[in-house]
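In what follows, a structure is listed as structure tokens, so that the remarks can point back to it.
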Amino acid sequence: MRGMMRKFMVLLDETRECLNAIRYAAMRASRTGGGVVVLSVIRPDEIQHGFGVAEVMRAEAQERIQAHFEVYAKWMRDKKQVEPELIVREGDPVDQLMAQLADDPEIGIIVLGMATEKGAQNPVVTRLLRDVALLTAPVTLVPGDLDKDRLEAIS
């Protein structure tokens with residue numbers, strides 16, 4: 001295990017709490033000399049098949065993800081001196097998260113954002129907690145409404 005870099009894997013999605021998860025992962029990576037893997041999953045229902053439509057939709061999804069990622073990546077490079085790596089997969093988010101864990105033995109911690117509104121559910125977190133035996137890395141859950149100072153203090 002020595003000589004390997006420990007990476008924090010964070011799931012990039014459209015949720016607000018995703019921002020705090022990415023911030024936390026970057027702060028931790030910066031402090032510990034680790035890396036950040038940003039995983040984005042294109043769900044099958046985002047892509048309709050037939051007459052080349054799938055390729056167009058896939059390309060559009062990739063562009064959207066890349067643009068979203070670049071905003072975070074610039075902040076990580078400028079503020080935290082961390083060079084994140086973007087992985088885009090297609091399928092069910094939990095299955096793809098598990099597959100990425102299996103593919104990259106350097107991933108040491110999964111960082112997920114938690115919605116703080118009452119009754120809000122993160123389907124990925126819900127499933128991971130249900131299938132916790134499948135996990136090969138610890139999970140850090142980051143509340144979506146922590147402010148930047150608090151995040152700095154705890155990372």
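Values below: every heavy atom of this structure, side chains too, minus hydrogens, waters and symmetry copies.
- Smallest separation of non-hydrogen atoms from V124 and V94: CA-CG2, 3.8 Å.
- Between M27 and K80 there is a side-chain heavy-atom pair separated by less than 4.5 Å.
- The line from CG of L146 to CD1 of I154 is 5.0 Å long, rounded to the nearest 0.5 Å.
- Residues R6 and R28 meet the side-chain proximity criterion, which asks for heavy atoms closer than 4.5 Å.
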Atom pairs and distances, donor-acceptor, side-chain atoms in residues 36-46, under 3.5 Å, two or more places apart:
unit_1: E46; atom_1: OE1; unit_2: R64; atom_2: NH2; d: 3.2
unit_1: E46; atom_1: OE2; unit_2: R43; atom_2: N; d: 3.2

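- Considering all non-hydrogen atoms of both residues, G144 and N20 come closest at O-ND2, 3.1 Å.
- Partners of T15 according to the side-chain contact (heavy atoms from CB on, under 4.5 Å) rule, which considers only residues two or more places apart in sequence or in another chain, are D13, E17, C18.
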Full working for side-chain contact (heavy atoms from CB on, under 4.5 Å) between L97 and M9: CA-CA 9 Å; L97 186 139; M9 179 167 62; 3.8 Å; yes

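- Residues in residues 84-96 take part in these salt bridge (charged side-chain N to carboxylate O under 4.0 Å, His left out) pairs, two or more places apart or across chains: K7-E85, R58-E90, R89-D103, D92-R127, D95-R127.
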Which pairs of donor and acceptor atoms, one on a side chain in residues 130-141, lie under 3.5 Å apart (sequence neighbours left out)?
none

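- Within 6.0 Å of CZ on R31 lie more than 12 heavy atoms contributed by other residues, nucleotides or ligands.
- The line from CD1 of I65 to CG of L12 is 7.0 Å long, rounded to the nearest 0.5 Å.
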Which donor-acceptor pairs under 3.5 Å do side chains of residues 67-75 form with protein atoms, sequence neighbours excluded?
unit_1: E70; atom_1: OE2; unit_2: Q66; atom_2: NE2; d: 3.2
unit_1: K74; atom_1: NZ; unit_2: D78; atom_2: OD2; d: 2.5

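- How far CG of D147 is from CD of E152: 10.5 Å, rounded to the nearest 0.5 Å.
- Across all non-hydrogen atoms, the minimal contact from A26 to M76 is CB-CG, 3.6 Å.
- Remark: T126 pairs with Q121 by the side chain to side chain donor-acceptor pair (under 3.5 Å) rule, at least two apart or across chains.
- Ion pairing between a basic and an acidic side chain is recognised when a charged N comes within 4.0 Å of a carboxylate O; R77 and E83 show such pairing.
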Could you go through F8 and T32, starting from their C-alpha distance and side-chain angles, then the distance that decides it, and tell me whether this counts as side-chain contact (heavy atoms from CB on, under 4.5 Å)? CA-CA 11 Å; F8 295 83; T32 60; 3.7 Å; yes

R16 and E117: CA distance, side-chain angles, deciding distance, side-chain contact (heavy atoms from CB on, under 4.5 Å) verdict: CA-CA 11 Å; R16 213 192 66 218; E117 297 81 46; 3.7 Å; yes

